[in-house]
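Below is one structure, written out as structure tokens, with a few remarks after it.
A, B, ... follow the sequence lines: proteins, then strands. Residue 1 opens every chain.
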Amino acid sequence: MTYKVEIRWHGRGGHGLVSTSNLLCEMVVRKGYYAQSIPIFGAERRGAPTQVFTRISDSPIRKRSEIKNPDIVIVTDPSLFNIIDPLHGLVDKGIVIVNANESTEISSENNFKIIKVNAVEISLESGLTVGGIPVVTIPLMGALLKILGIVDLKTVEEVIRERWRPEIAERNIKALKMASEVVEIG
Amino acid sequence: MTYKVEIRWHGRGGHGLVSTSNLLCEMVVRKGYYAQSIPIFGAERRGAPTQVFTRISDSPIRKRSEIKNPDIVIVTDPSLFNIIDPLHGLVDKGIVIVNANESTEISSENNFKIIKVNAVEISLESGLTVGGIPVVTIPLMGALLKILGIVDLKTVEEVIRERWRPEIAERNIKALKMASEVVEIG
Amino acid sequence: MYRPKIVENLGEDEWIYAGHPACHGCGAALGLRHLLKTIGKKSILVVPAGCTSIIAGTMNAATFNIPFIHTAFGAAAAVASGVAEALSKKGMDDINVVVWAGDGGTYDIGLASLSGAAERGHNILFVLDDNEAYMNTGIQRSGGTPRGAWTTTTITGKKEEKKDIMKIVLSHHVPYAATASVAYPLDFNRKVKKALGIKGFKFIHLMAPCPPGWRFETHMTIEIARRAVLSGAWILMEYENGRLRLNPPSSNMLDKRRISLEEYLMMQGRFKHVKRELLEELKRDVELRWSEIKEILEKQGKQ
Amino acid sequence: MYRPKIVENLGEDEWIYAGHPACHGCGAALGLRHLLKTIGKKSILVVPAGCTSIIAGTMNAATFNIPFIHTAFGAAAAVASGVAEALSKKGMDDINVVVWAGDGGTYDIGLASLSGAAERGHNILFVLDDNEAYMNTGIQRSGGTPRGAWTTTTITGKKEEKKDIMKIVLSHHVPYAATASVAYPLDFNRKVKKALGIKGFKFIHLMAPCPPGWRFETHMTIEIARRAVLSGAWILMEYENGRLRLNPPSSNMLDKRRISLEEYLMMQGRFKHVKRELLEELKRDVELRWSEIKEILEKQGKQ
Amino acid sequence: MSRTKLVLTGNYASAYAVLHSKVEIVPAYPITPQTTIVEKIDEFIETGMLDATMVRVESEHSAMAVAIGASAVGVRTYTATSSHGLLYMYENLWWAANARLPIVATFVTRTLGPPWNIWSDHQDFMTLRDSGWILFMVKDAQEAYDLTIQAFKIAENPDVRLPVGIAYDAFVISHTAEPVELLTQEEADKFLPSPRAIQPLLDVDKPYSIGNLPRADYHYILRKNLWENILDAKKAIREVGREYGELSGRDYSSLVEEYKCEDADTVFISMGAMAGEGMDAVDKLRDKGYKVGHLTIRTYRPFPDHEIKTIAENAKRLIVFSRALSNGKGGILYDDIASTLYREGQRIETYDIIAGLAGTEVSEEDFMKIYYDTRSGKLDTGKSIFIRRGEYV
Amino acid sequence: MSRTKLVLTGNYASAYAVLHSKVEIVPAYPITPQTTIVEKIDEFIETGMLDATMVRVESEHSAMAVAIGASAVGVRTYTATSSHGLLYMYENLWWAANARLPIVATFVTRTLGPPWNIWSDHQDFMTLRDSGWILFMVKDAQEAYDLTIQAFKIAENPDVRLPVGIAYDAFVISHTAEPVELLTQEEADKFLPSPRAIQPLLDVDKPYSIGNLPRADYHYILRKNLWENILDAKKAIREVGREYGELSGRDYSSLVEEYKCEDADTVFISMGAMAGEGMDAVDKLRDKGYKVGHLTIRTYRPFPDHEIKTIAENAKRLIVFSRALSNGKGGILYDDIASTLYREGQRIETYDIIAGLAGTEVSEEDFMKIYYDTRSGKLDTGKSIFIRRGEYV
Amino acid sequence: MGEVMYPVTEPGEGAAGKTGNWRWQKPIIIIDKCVKCGLCWVYCPEPAIYLDKMGYPHVNYEWCKGCGICAHECPSKAIEMVSEYE
Amino acid sequence: MGEVMYPVTEPGEGAAGKTGNWRWQKPIIIIDKCVKCGLCWVYCPEPAIYLDKMGYPHVNYEWCKGCGICAHECPSKAIEMVSEYE
Ligand SMILES: Cc1ncc(C[n+]2csc(CCOP(=O)(O)OP(=O)(O)O)c2C)c(N)n1
Ligand SMILES: Cc1ncc(C[n+]2csc(CCOP(=O)(O)OP(=O)(O)O)c2C)c(N)n1
Ligand code: SF4
Ligand code: SF4
Ligand code: SF4
Ligand code: SF4
Ligand code: SF4
Ligand code: SF4
Ligand SMILES: [Mg+2]
Ligand SMILES: [Mg+2]
């Protein structure tokens, strides 16, 4: 049996997609998995739609092409649905993690599992903002981690504490925890 | 029957070897021959020993390697014999035209024909000097032309008059004529 | 139809299309907008590698509505020399040839070609778009980065001084050289117009703040550009045939009626780490520059 | 054993071997001889393409008896930066790193690297060997060729002015910059020594006439270099931390006790074609330079 | 201290290798996508982790010039560039090789303009293939780390003394984060002693001149000597690779990486980032019963002719992927291989596939498509075949 | 006005071609051995013979940059360089091709340093072989003149629009004086109308941007387009060559020059100055009864693969002389030919001879010696064989 | 024979797509407070502000990136920045 | 395995051969007129003048190129240039 997950992140320049995807890789690698985080670089500036790919596997990853058929799609901003189609190529029964509050309508004809995370609220509550703008990728990763279920909380905290000074680290941990609480598995 | 002459000039940087050899080519080309003038460029400055090659032929010349076995060697300065061996590779019964007065000893064990031209004197007499230094290559070419016998005086004068303003041209012509007079054919 | 005076003066024609890829609040984009308004459509714009390579748009759509050529990073002044000489050969001397180059493309890799073009005196307007670092590659130091500033290659602050590019250019005896700021578009507009009226190599040094590179919020671009001038750190001036003149508001600041340097520097993340001692030195540098200017003006006054 | 004072002062050790390939009467070769006498054997010499690439000798024998490296034409200041930083890393800061570059390698293709090294302030002495044209390739104009001079690419005389390289270098706030002349070897010697005693980027601009390039007879090299100074066309001076001082004999020439410019220019074939009008302009240029200097000195005096 | 495994981009992996190699001088000039290497090294230096001097030069020409000066004095020197930066330092790149200076550089491959394009192809890198630089191309961040450390050891080998370049693709390697196992500093020190041991060219105690005019005949011999040394460097590369393998568990004793080639009748040949896709395609095709293998050219100069010959002896079909063109001639890697086999008197069915120009992606699907089409005889062996995202163009 | 035959050096022949082509802008920077071209052009301009602007730039990088700017505006542009100058303008040389600018340049080949060396080999020229420049190498001053005029016509052909380089060897061609027959100005004008007729890229009436960021997929097509155009340029080269032949009596309708190849069992292949020696050797060997021929590669890019193939079909043995190396690989011209033949599925005895590096002379005797030694089986077909003045080294 | 393709582009709006989508805050002009000084128009880097016949400014939200310069520079505080997240 | 060869050269006299051969005129020092000022030594670019114990200058004709600078600079006209052609 092999374990392989392909994740595509949709966000905007400045949302911190790349570093969050890298952070995720750091965590799963700590647990013995292989992982890869591929940013797509273009001419875009802050605010423009952008993507990152994460591959996770229990065996070494050789390919580095773009992920065309992700298992999971993460969308940092529901307005992106108006500009692009974040769900293109998503596998059958694929998972969508989207930063949205309950009332936001995310329509899809397919049998995707849509998970809404109010990442803005969680970030603001955790004090996780940069220049006043909420860091939504961390709560989204929290939800993702819960779904993946391969990284224990201890490892999550460990990696985060290595990366940030205590005060910031705690805010991140708080946001991650809050997010993972809203996700139901099954 | 083919006509082919290979000439090697020995002189010093600043002696005007290259332009004289080119001038010679211009003259023989005017008479329907093919000709080629190859300078050897090195790091040398004025005064250092240097060489030029002239090939003359009645058919197109393709080769452009150095002349190793010249039919004729021209030496602009007898002191060059002390520094290098201007006669190396000269063909059997080859001709040496050297700027020297009668008393200068040019020794050679071979059966070369040595023609001494007092080019300094001729130049001085013709008023052919640059910055006080006599232009010895022109008298030497005069002797050479006489030996080659393929360029008539009219052509010589024509080419020279095209190249220089009248006053200088006449000096050159004078020197050429004087030199050709000292050479005996046979 | 009503139009404010400033709008009339700057003109309503736009030669830069909206929807371009510059960051929010980009000073360079604003500078380009006003530059193009002034030079108009009978102009050719020459731009070396830098943020403007991006701002210029993609192959889907070009941002500039005038003929435009990207050049190798060090080559802008030379490409423009070729453009200018070719136009002149075709009898089209009425077309403006304008270089718009970043500080990297001017102070550093492009310095020799700038100097060559200036020496030869081609009929070019060279506009230096100074955001004080290599922004397009992600904020590395350049010869135009000021002392003390953080960049990704001077994370403890740059040790060396900002090169005095104006002095370097003036050493070439160019007929016209000026400074400008995106906070003072009328002044910039007037200077560009004046430069275009003069034959030969002209130089305008435009200060254009960059929110991500200087680490400030996007709405502060003009505020910061203005404070640079009001604190005396950036001096609006022009040299015609070597003769210096200050322009307002700098012309009113000889007597030190200026805001403090902190009010300019400390609004920018790139200077946040600067310690008291260095700050004092930076202040002294500003004073020194002003006293030099005073001297030049006094000397000129005597003539 | 008797030795004249000047010999004692310059020192009898020679670090340049005779039998080198320079032309008869080469000013650069003489300059190199005195430079090496002064810097001595604990020095590394860095030289870009130019006549000195030839003078340096062949693979049969090297002319210089100190470690020497040829560099690409535009690269001398940068190679020297690397040498200096590497020595410093090895704790060998006592070794002098000296660039000797032609006018082409300084004013033109090498200007950006010169400027970069000066900005970064590496511990280098940069000596500009100015013979006012690209001699090694057969006398083409450079940014350092003076107005009016014939070269093979300005056969009717150069139209543009000689770049003011000293001003360009001084714009970089270097701790020491000076001019020198091969006719005044003691002055040159003293300046090199002084420069070596200062840490940072130092610059000496040496005028070194070239018989074939300037078209004069080989015995006139020193005479012409001297007349350049005595006519005021070439001014011996030094800037220490930006402060100017004139050196003898130029220091005695503020009051115009000079020989006429013709006595300098007209001995050289390259200026033979210069007409009255241009000559007057060239004279005015000289006067202008002197009046600038006078002003600077006066200003300094007041301080 | 035990080894750590970090998630690093290819560029950060290079920077860590520089750290562990105790490089002393780093002249550098930024260019996308090389920049983050230099930024990371700057961070190492400014935070005191690496005792090196960063020379923040004003152009790439000067970056390589500073490297030349520093390396001539005998200190360990590193720089990195890409694309237009590589072309701007081109003169000095040749200089470094001809002066026999053991500089190590990373070349992050990027498309040449105009139009401006920051994504990968191999055209920039290929301009160095004659120059005398030893050239590696790696396929992931781990190899970038491993080979950069080895590069210093190879470059400084007294029988080699040549500059070494490590190349990899823009973004898909330079900016892609993946796990990289690092040596401990002690291990690195043992493998690569510091400071650099070899005799400097510039030395006040031996006042030699570097680069004086030669006689042509002698210069010919110098050129021949470089030629021989770079061919002989294969030995040093293999030895260093073996030693590194013993230390790290990751063997580099071959110039190439063979993947399921033993019994393959068809072998893909590629280099750089696309190699992983090729190997994935091999697995897929093997699953379907096809005898396919993949050969990754890791050492590009000296060219692994012996290895190519061996592959061609056992296979029936070669499919060569070039990410760079010789305009007016053919795919560059194909021509390298074709001329090598011609020399050896071998000839098998060989396809010249041009893929990934200007940053277009090359994926497993491209490899598979080409495989099927060669099998079915749709493609011509003599021609350059252009494929772009699964379509012939 | 009737034609004149002058004794000119290769460099002066180039300058006359520039004069007769009514070039409008000449940016130039001196370097030995190119310098006398530019000096002569300067003389033409300053004495009023040529109505052109000389831009006396401060470096080669700027020389090509000025050419790019001028050519983009639509005027006829020429420059020349050598060796380190070529390398210093390298970035912009690629730029010119990618921007599709019909600049014409002369490259006088000269050995790369260090050590400094001013004599000929072809290493500098070979660095352009991928770039998209159409490349000629000529063997004498007459060809330099003829092909420079043709170059403008080829470059400006609406189906080509690529820069064209004409290369020849330092000194043995550049400074060797020989008879050159010149067209009259009227003839030249008829052949090559002035001013340049093609649409400029920079035009205030069509305000396009040149060089904007592309999508990778589109950029791939641009690259493919250049690739196709340079291959198709063979047609233009042949047509222009034929037309020039009709005008001048000197035919250039073939990409190569065959000399006694029809019935030859052994064919020497070389390019540039050494070709004449090769032909002389052919004559000598023919005198002795050997069936030998010589093929001169005049058009180097696009590569004359068809012509090579035809030769190889009829001969039994090819002896290829390369004056440049791909270090760590092989003689460059050999590899070009080997890969071409490999593509075609041909293989005959082929020798890789490395000669004339660093300015050493290649003479008739070298050709003869190699011929005899290949006949007697002394030499190995797979290896690069180094010969220097008649001796293997 | 392939026709020659050049790396050239015609000018037009939206080189970077609808840059209005990049916005995370939005300028709202309160016409009542506006004194028609034109400064918002002067300082918009896009440009995304146009003036109506009366001289009143309006924002073109298709292109406005929401930098906030107009609001900051407005002398009569007639422009308010409103979060796009609300 | 070929040993690595570097493009380096040891220093020594006569890089350009015996440059005395380049001479077309020759400096002759008339010791009687010499005042031992040392200027000929100072200004010789080769250098081809050496001083004896007494401080008198002598020419090393192996290297002297005959430029004539020494003669021109000698304040007491103690150096005469004589043509090598005589
Ligand atoms: C030869 C070369 N080197 C490096 C680069 C990479 N590069 C592109 S833009 C840039 C920085 C530009 O800085 P600046 O001129 O200040 O313009 P800005 O981006 O700040 O507008 C660099 C280093 C390049 N394109 N070409
Ligand atoms: C990149 C490059 N361009 C051109 C040259 C050719 N070149 C060698 S020396 C030289 C002129 C040097 O002039 P300058 O610096 O004034 O030194 P000088 O010869 O006058 O001593 C030139 C153009 C070169 N070697 N490299
Ligand atoms: S980085 Fe700065 S200069 Fe560049 S586009 Fe963004 S704001 Fe403008
Ligand atoms: S050309 Fe001039 S500078 Fe060069 S070696 Fe000769 S005299 Fe000296
Ligand atoms: S917020 Fe910025 S982009 Fe939008 S209209 Fe105001 S100034 Fe223009
Ligand atoms: S800046 Fe304010 S007051 Fe001025 S026009 Fe704009 S909205 Fe009106
Ligand atoms: S003639 Fe010239 S070279 Fe000879 S000794 Fe006198 S100064 Fe020296
Ligand atoms: S210059 Fe004249 S006086 Fe002085 S030492 Fe020489 S020979 Fe004697
Ligand atoms: Mg900038
Ligand atoms: Mg010079």
Side-chain angles (χ1 to χ4, degrees), chain A residues 2 4 6-9 13 16-45 50-70 89 137 141 150-151 155-156 158-160 162-163, chain E residues 4-12 32-33 35-36 110 115-120 139-143 168-181 250 257 259 272-284 294 296 355-356 359-367 389-390:
Chain A
T2 59
K4 264 203 175 68
E6 296 195 323
I7 303 159
R8 191 173 64 212
W9 305 66
L17 248 58
V18 177
S19 55
T20 307
S21 169
N22 290 4
L23 192 69
L24 172 68
C25 291
E26 188 83 46
M27 290 173 183
V28 304
V29 166
R30 204 69 65 99
K31 298 311 293 178
Y33 289 83
Y34 294 88
Q36 183 196 53
S37 166
I38 312 179
I40 298 304
F41 273 78
E44 293 82 13
R45 298 311 202 208
T50 164
Q51 298 174 39
V52 177
F53 306 108
T54 318
R55 283 196 176 90
I56 299 171
S57 171
D58 55 3
S59 57
I61 302 167
R62 280 185 308 230
K63 61 165 57 277
R64 35 190 79 235
S65 47
E66 298 180 4
I67 291 174
K68 283 134 210 153
N69 300 109
T137 50
M141 185 174 70
I150 56 175
V151 187
T155 307
V156 168
E158 182 184 295
V159 170
I160 287 193
E162 282 170 23
R163 170 138 337 179
Chain E
T4 48
K5 195 176 202 176
L6 298 179
V7 173
L8 297 177
T9 62
N11 278 352
Y12 280 9
T32 306
T35 323
T36 55
R110 167 184 152 181
W116 282 127
N117 180 325
I118 55 174
W119 304 299
S120 183
K139 64 175 202 310
D140 58 30
Q142 183 71 59
E143 287 190 0
Y168 47 77
D169 295 81
F171 300 110
V172 280
I173 294 181
S174 68
H175 286 63
T176 292
E178 49 189 338
V180 177
E181 193 184 75
R250 292 180 299 277
E257 183 182 344
Y259 185 69
M274 69 169 89
E277 305 291 323
M279 289 187 240
D280 277 2
V282 165
D283 284 358
K284 287 251 170 78
H294 184 277
T296 312
T360 51
E361 178 177 282
V362 187
S363 70
E364 180 187 307
E365 289 74 28
D366 295 318
F367 281 84
R389 294 197 198 271

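- Taken to the nearest 0.5 Å, the CD1 atom of A:Ile40 stands 10.0 Å off from the CZ atom of E:Phe171.
- For the atom pair CG of E:Asp140 and CD1 of A:Ile61, the computed distance is 11.0 Å after rounding to the nearest 0.5 Å.
- For the set E:His175, E:Glu361, E:Glu364, the entry with the most heavy-atom pairs within less than 4.5 Å of chain A is E:Glu361.
- Judged by distance alone, with hydrogens and angles left aside, the side-chain atoms of A:Glu26 form no donor-acceptor pair with the main-chain N or O of E:Leu6 at under 3.5 Å.
- The most heavy-atom pairs under 4.5 Å with chain E, out of A:Pro60, A:Cys25, A:Ala35, come from A:Ala35.
- Note: E:Pro179 leads E:Gly359, E:Pro179, E:Ala141, E:Ser363 in heavy-atom pairs under 4.5 Å with chain A.
- Test A:Arg55, A:Gln36, A:Arg64 against E:Glu178 for side-chain hydrogen bond (donor to acceptor under 3.5 Å, both in side chains) and you get one pass: A:Arg64.
- Atoms CG and OG, on E:Asp366 and A:Ser65 in that order, are 9.0 Å from each other to the nearest 0.5 Å.
- E:Thr176 has its side chain out of reach of A:Ser37: every pair of non-hydrogen atoms, C-beta onward, lies at least 4.5 Å apart.
- Taken to the nearest 0.5 Å, the CG atom of E:Asp283 stands 4.5 Å off from the CZ atom of A:Arg62.
- Chain A forms the most heavy-atom pairs under 4.5 Å with one residue out of E:Ala177, E:Pro33, E:Ala273, and that residue is E:Ala177.
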